[in-house]
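All of these numbers come straight from a predicted model, not from anything done at the bench.
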Amino acid sequence: MLNNFKIKHRHLLTTTGNIRIKYVVVLAFTLVFFLWWSISGDGTQNTTSPSPIQITTEKTDEAITNTQTRLTITENNYDPEMAGNSITPFLTRMGNRPYFNKPYEWTKTITVKSGDVLGLLMEETGLSGDDYVGATRAIKKEVDPQDIRPGHKIVISNERLGNTDTIKDISYVFDSLTSVQVTPSSDTWVAEKKTRPLTIKTHAARVSIENSIFGSLGKADVPDGIINRMITAYSWTVDFQRDIWGGEKVEVLYETKETDDGEYVRSNKLLYANLKLRNKEMPIYLFEKEKGYFNYFEPDGQSIRRALMRTPVDGARLSSGYGSRRHPVLGYKKMHKGLDFAAPTGTPVYAAGDGTILRANRFSSFGNYVKIRHNDTYTTAYAHLNKFAKGIRKGTRVKQGQVIAYVGTTGRSTGPHLHYEVHKNGRHVNPHSVDLPLGDKLKGSKLTKFKAVVKKRYQEFLDLLK
């Protein structure tokens with residue numbers, strides 16, 4: 001009988017004398033099972049150490065009570081794989097767990113688009129019945145439906161406790177400073193206009209000009225409004241088209257208006273600037289000469305302003321200088337008795353100095369044309385204008401820097417640009433080479449007060465750069 005169960009040589013070994021692989025596998029599994037059984041046995045060895053992932057409901061509730069009272073959830077901070085396409089299924093599934101029975105909040109934002117009306121926007125908040133009527137009536141007391149603009153926002157603050165969702169409040173947001181908030185009160189809704197206060201903060205920057213003043217100062221986070229103020233202040237003495245080569249140094253001390261949490265809202269005053277052109281420093285300081293009258297002065301008290309601006313347009317490119325040239329339309333050489341500044345149509349054109357308008361009308365090949373008499377010596381002319389500013393007509397008194405017209409391409413012109421002329425004693429002169437008379441200079445007690453301002457501002461600039 002035993003012979004029937006006798007394992008023959010060919011059952012265990014191959015013809016080459018090696019153990020067959022199937023027996024190796026069986027033996028390995030047998031050893032693994034024996035090892036596991038010897039360690040775990042009947043389970044009594046581990047009864048003294050609870051599993052590290054076992055947590056009782058009682059301890060979980062206690063931990064939540066001590067460390068978590070509110071949970072804030074927005075539509076951007078939940079797991080989309082758990083929640084699917086909406087936050088509601090996620091909250092529903094998690095609602096029975098102790099942690100999610102604590103109150104939490106989330107917000108929904110609606111951005112106003114072209115053609116939207118207040119009534120339909122309020123419907124999107126999710127209110128219905130008396131709540132919709134009450135909230136809409138309340139917000140209309142503070143928000144004129146005609147003032148609704150694309151880009152405005154409606155922010156709905158929601159709260160859930162247990163399985164109950166509640167709208168806490170609805171805010172109509174005009175901008176970063178102004179909003180109208182409506183909240184439920186007893187059986188009605190109440191609207192309140194909210195305005196965030198602004199704080200004036202002072203900043204300093206020192207940069208080297210690479211390709212342009214705008215680009216270089218912009219990299220240092222200097223606002224565009226401050227850069228424009230600086231360019232305007234220097235426009236009486238600096239030709240930004242020809243005098244800026246790259247490598248110049250610029251220093252600025254300026255103010256901004258910001259919210260309490262540091263959000264930038266708008267630029268305020270340029271307090272100090274220093275433009276260093278090829279070893280020549282040109283520092284200027286803002287000073288209140290008379291009550292409400294601010295101007296920029298050099299350290300010796302000389303006003304940076306001259307009788308006339310050399311460049312009566314911002315951000316323009318000098319496209320044609322003063323002198324003989326081949327006329328772009330007529331095709332032959334002709335004396336060019338002014339400067340051409342290429343700029344987009346609609347760019348503001350400023351009065352180069354205080355004076356009286358001699359003419360503001362269509363004039364020959366100049367197209368729309370303005371001429372200003374500044375004194376017995378100087379007049380200026382502006383040609384190829386798109387249109388005149390409001391109130392600009394013959395006999396009107398204008399101030400230096402006042403907008404008188406806008407760049408265009410009327411008359412004999414190949415593209416939008418300003419043709420600018422300066423006349424001295426009735427003769428054309430080069431606006432960039434004529435020796436223009438100086439402006440005001442501080443004297444006496446005003447000069448003493450100004451010197452104190454200079455010292456204070458420059459020290460403030462150095463302190464902020466530390």
Please identify which of these residues, Glu142, Gln146, Lys141, meets the side chain to side chain contact (heavy atoms under 4.5 Å, CB included) condition with Asp144. Gln146
Pair Asp116 + Lys113: basic N to acidic O under 4.0 Å: no
Can you list the steps and then say if Asp314 with Tyr350 is a side-chain hydrogen bond (donor to acceptor under 3.5 Å, both in side chains)? CA-CA 9 Å; Asp314 287 338; Tyr350 307 116; 2.9 Å; yes
Please tell me if the side chains of Met282 and Glu298 come closer than 4.5 Å, counting only heavy atoms from C-beta onward. no
Check whether any side-chain heavy atom of Leu442 lies under 4.5 Å from a side-chain heavy atom of Gln302, and answer yes or no. no
Side chains of Tyr369 and Leu385, heavy atoms from C-beta outward: is any pair under 4.5 Å? no
I'd like to know if Lys371 pairs up with Glu421 as an ion pair, taking the criterion as any Lys NZ or Arg NE/NH1/NH2 lying under 4.0 Å from an Asp or Glu carboxylate oxygen. no
Sequence neighbours excluded, the answer for side-chain hydrogen bond (donor to acceptor under 3.5 Å, both in side chains) partners of His203 is Thr256, Glu258
Residues which pass side-chain hydrogen bond (donor to acceptor under 3.5 Å, both in side chains) with Tyr172, listed by chain and number, not counting sequence neighbours: His152
Do Phe287 and Asn295 make a side-chain contact, defined as non-hydrogen atoms from C-beta onward lying under 4.5 Å apart? no
Only residue of Asp130, Asp131, Thr183 satisfying side chain to side chain donor-acceptor pair (under 3.5 Å) with Trp189 is Asp131
Please determine, by modelled atom types, if Asn368 and Tyr382 share a side-chain donor-acceptor pair under 3.5 angstrom. no
Side chains of Arg229 and Ser267: donor-acceptor distance under 3.5 Å anywhere? yes
Compute the centroid of each ring, for Phe297 and then for Tyr285, and state whether the two points are separated by less than 6.0 Å. no
Using the six-membered ring of Phe363, assess whether NZ or CZ of Arg359 lies under 6.0 Å from its centre and within 45 degrees of the ring axis. yes
Non-neighbouring partners of Glu255 that pass side-chain hydrogen bond (donor to acceptor under 3.5 Å, both in side chains), sequence neighbours left out: Asn268
Determine, using ring centers only, whether Tyr378 and His423 are less than 6.0 Å apart. no
Where at least one partner belongs to residues 384-406, residue pairs that pass side-chain hydrogen bond (donor to acceptor under 3.5 Å, both in side chains), sequence neighbours excluded: Trp236-Gln400, Thr356-Arg397
Looking at side-chain heavy atoms only, is the closest gap between Thr259 and Thr199 below 4.5 Å? no
For Thr409 and His417, which I'm curious about, is there any donor-acceptor pair between the side chains at under 3.5 Å? no
Is there side-chain contact between Val182 and Asp169, with at least one heavy-atom pair below 4.5 Å? no
Pairwise ring-ring contact (aromatic ring centres under 6.0 Å, His included) hits with a residue in residues 110-141, at least two apart: none
Lys153: which residues meet the side-chain hydrogen bond (donor to acceptor under 3.5 Å, both in side chains) condition with it, sequence neighbours left out? Thr111
Compare all side-chain heavy atoms of Glu251 with those of Tyr272 and state whether any distance is below 4.5 angstrom. yes
Run the salt-bridge test on Lys194 and Glu192 with the 4.0 Å N-O cut-off and return the result as yes or no. yes
